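One structure is given below, encoded as structure tokens.
Each residue takes its place number in the sequence, starting with 1. Just so you know, these numbers come straight off a predicted model, no measurement behind them.
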Amino acid sequence: VSVFLNFRTWRATRDPIERIASLTALAQTMICMNQMYGDMGLQSIATQFMAVSGFAAAGRLSVSSGAWPEKKARRLPAAA
């Protein structure tokens with residue numbers, strides 16, 4: 001999901017800072033996947049922190065850039 005959202009953000013935005021941030025988060029995810037595949041990163045707090053920061057960037061950037069639509073607030077009916 002992180003790779004999908006970061007790539008979608010990179011394609012949708014024209015702001016250079018958002019493009020760089022999305023590509024950095026995409027690279028972070030790939031680096032963490034390689035590190036964890038070799039069983040070296042599963043126990044490292046630094047690798048886990050780097051993976052989580054890439055996931056957070058994917059969620060925030062995809063909404064702020066308009067690559068993913070923001071959820072509309074639903075109005076609750078008034079209590080009778």
Side-chain angles (χ1 to χ4, degrees):
V1 172
S2 175
V3 171
F4 172 74
L5 289 175
N6 279 319
F7 186 72
R8 189 172 170 145
T9 300
W10 178 75
R11 298 252 329 199
T13 187
R14 295 292 171 233
D15 182 23
I17 294 183
E18 286 183 348
R19 287 179 71 104
I20 290 170
S22 65
L23 281 179
T24 302
L26 182 66
Q28 282 178 334
T29 304
M30 296 299 173
I31 289 167
C32 290
M33 285 173 43
N34 286 331
Q35 184 75 11
M36 289 181 181
Y37 179 74
D39 288 337
M40 298 300 293
L42 291 175
Q43 301 163 355
S44 172
I45 193 76
T47 304
Q48 293 174 6
F49 179 75
M50 193 164 83
V52 169
S53 66
F55 298 157
R60 298 291 287 177
L61 285 173
S62 61
V63 173
S64 69
S65 69
W68 195 262
E70 189 172 359
K71 183 178 179 181
K72 304 280 185 200
R74 222 174 21 162
R75 290 188 174 202
L76 297 175

*Shortest non-hydrogen contact from A58 to N6?*
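Nearest pair, atom of A58 first, then N6: CA-OD1, 3.4 Å.
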*Which atom pair, heavy atoms only, marks the closest approach of L61 to A21?*
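So the minimum-distance heavy-atom pair works out to CD1-CB, 3.6 Å.
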*Rounded to the nearest 0.5 Å, how far does CD of Q28 lie from CE of M33?*
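Going from CE on M33 over to CD on Q28, the span is 13.5 Å.
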Please name all residues satisfying side chain to side chain contact (heavy atoms under 4.5 Å, CB included) with [X], sequence neighbours left out, ordered by chain then number.
{"X": "A67", "answer": "R8, T9, A12, S65"}
{"X": "F49", "answer": "none"}
{"X": "V52", "answer": "none"}
{"X": "D15", "answer": "T13, I17, E18"}

*Could you list the residues that satisfy ring pair (Phe, Tyr, Trp, His ring centres under 6.0 Å) with F4, not counting sequence neighbours?*
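Applying ring pair (Phe, Tyr, Trp, His ring centres under 6.0 Å) to F4 gives none.
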*Residues forming a ring pair (Phe, Tyr, Trp, His ring centres under 6.0 Å) with W68, sequence neighbours excluded*: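 W68: no ring pair (Phe, Tyr, Trp, His ring centres under 6.0 Å) contacts found.
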*Is it the case that one hydrophobic cluster holds both M36 and M30, taking links as side-chain heavy atoms less than 4.5 Å apart, direct or via other members?*
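No; tracing contacts between hydrophobic side chains, which count when under 4.5 Å, never links both residues.
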*Kindly say whether A25 contributes a backbone atom to a donor-acceptor pair with the side chain of T29 at under 3.5 angstrom?*
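Between the backbone of A25 and the side chain of T29 there is a qualifying donor-acceptor contact (under 3.5 Å).
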*Would you mind reporting whether V3 and L26 have side-chain heavy atoms less than 4.5 Å apart?*
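The answer is yes; the side chains approach within 4.5 Å.
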*For residues Q43 and Q48, determine if any side-chain heavy atom of one lies less than 4.5 Å from a side-chain heavy atom of the other.*
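No. Closest side-chain heavy atoms not under 4.5 Å.
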*Do any pairs count as a ring pair (Phe, Tyr, Trp, His ring centres under 6.0 Å) and have a residue in residues 7-38, sequence neighbours left out, and if so which ones?*
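Applying ring pair (Phe, Tyr, Trp, His ring centres under 6.0 Å) to every pair that reaches into residues 7-38, excluding sequence neighbours, yields F7-W10.
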*Using a side-chain heavy atom cutoff under 4.5 Å and only I, L, V, M, F, W and Y, what cluster partners does M50 have?*
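M50 clusters with I31.
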